Amino acid sequence: MPRRMRRGLREGDLRATLRFENTDSNMGLALAHRADNSDGIADFWKFFPTPIGLVTDDRGNQYSLSKQSPLGFARNANDWVVLRGGEMATHTFVFEGSSSGAPGSTFTVSMDLRVVTGPNERPDIARWSFVFTDVIP
């Protein structure tokens, strides 16, 4: 769930800090960011991964996801964040603005993540789209 959204690194950018928590003590949870074109056969996306994410505000401004930390792109095992039951992790996402207008007062955040849940012997791998609405700075 979003913890906060505030002005970011340069004029027109936003930074969102999200906290992910595994509330199921019997299951594991692993997260990685989904890169654009990573569902195809070709592996060219691994060399220059492009994150999938967008923020819109109540004034119609749009901001594209440009950076995330420390969440990786599932290129290898080190890119995944693994949460056991009761564990949580905080990640920061930077969205670049395409408008020079004033930012709005509420935001909608959407992004695609790769999520693995379940016991170690039979994990369920899925692509999830997250949407957070009415986020207030």
Side-chain angles (χ1 to χ4, degrees):
M1 191 162 264
R3 294 284 291 166
R4 66 189 156 181
M5 180 163 287
R6 60 183 178 175
R7 301 286 290 161
L9 303 173
R10 64 185 180 104
E11 187 67 31
D13 287 358
L14 296 174
R15 181 182 308 161
T17 302
L18 305 178
R19 183 181 68 203
F20 297 96
E21 181 177 3
N22 182 359
T23 59
D24 188 337
S25 61
N26 297 319
M27 297 289 229
L29 174 67
L31 301 167
H33 202 83
R34 188 173 91 76
D36 196 20
N37 297 314
S38 63
D39 289 333
I41 296 172
D43 282 343
F44 71 90
W45 69 270
K46 291 182 179 180
F47 300 106
F48 304 103
T50 302
I52 300 172
L54 183 69
V55 170
T56 55
D57 65 26
D58 56 340
R59 291 191 177 173
N61 297 315
Q62 291 190 345
Y63 310 84
S64 298
L65 181 59
S66 62
K67 299 175 191 172
Q68 67 281 336
S69 175
L71 200 58
F73 282 102
R75 291 178 285 196
N76 59 53
N78 294 331
D79 287 338
W80 290 85
V81 172
V82 178
L83 301 174
R84 292 176 178 77
E87 291 183 336
M88 67 178 82
T90 302
H91 300 282
T92 300
F93 302 88
V94 176
F95 297 86
E96 293 181 349
S98 60
S99 170
S100 60
S105 58
T106 60
F107 302 86
T108 298
V109 180
S110 62
M111 66 182 70
D112 282 6
L113 298 177
R114 295 207 181 272
V115 179
V116 178
T117 58
N120 293 335
E121 60 272 3
R122 289 192 51 202
D124 178 29
I125 301 173
R127 184 179 97 193
W128 288 5
S129 294
F130 291 88
V131 178
F132 306 99
T133 59
D134 300 323
V135 178
I136 300 172

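Owing to the predicted nature of the structure, the values given are computational and were not obtained by experimental measurement.
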- Hey, is the main chain of Val94 close enough, under 3.5 Å, to the side chain of Ser66 for a donor-acceptor pair? yes

- For the pair Asn22 (side chain) and Glu87 (backbone), establish whether a donor and an acceptor sit closer than 3.5 Å, ignoring hydrogens and angles. no

Do [X] and [Y] come close enough that some side-chain heavy atom pair is under 4.5 Å?
{"X": "Met111", "Y": "Leu18", "value": "yes"}
{"X": "Phe95", "Y": "Val109", "value": "yes"}
{"X": "Phe20", "Y": "Leu113", "value": "yes"}
{"X": "Glu21", "Y": "Leu83", "value": "no"}

- Report the relative orientation of the aromatic rings in His33 and Phe93; use parallel for angles under 30°, tilted for 30 to 60°, perpendicular for over 60°. tilted

With rounding to the nearest 0.5 angstrom, report the [atom1] to [atom2] distance, [X] to [Y].
{"X": "Glu96", "Y": "Leu65", "atom1": "CD", "atom2": "CG", "result": "9.0 Å"}
{"X": "Ser64", "Y": "Asp13", "atom1": "OG", "atom2": "CG", "result": "10.5 Å"}
{"X": "Asn61", "Y": "Thr56", "atom1": "CG", "atom2": "OG1", "result": "9.5 Å"}
{"X": "Leu31", "Y": "Trp80", "atom1": "CG", "atom2": "CH2", "result": "8.0 Å"}
{"X": "Met27", "Y": "Leu29", "atom1": "CE", "atom2": "CG", "result": "10.5 Å"}

- Task: Could you pull out the closest heavy-atom pair between Asn26 and Asp24, with the gap in Å?
- Result: N-OD1, 2.8 Å

- Message: If you compare all heavy atoms of Gly104 against all heavy atoms of Asp58, which two are closest, and at what distance to 0.1 Å?
- Response: CA-OD1, 3.0 Å

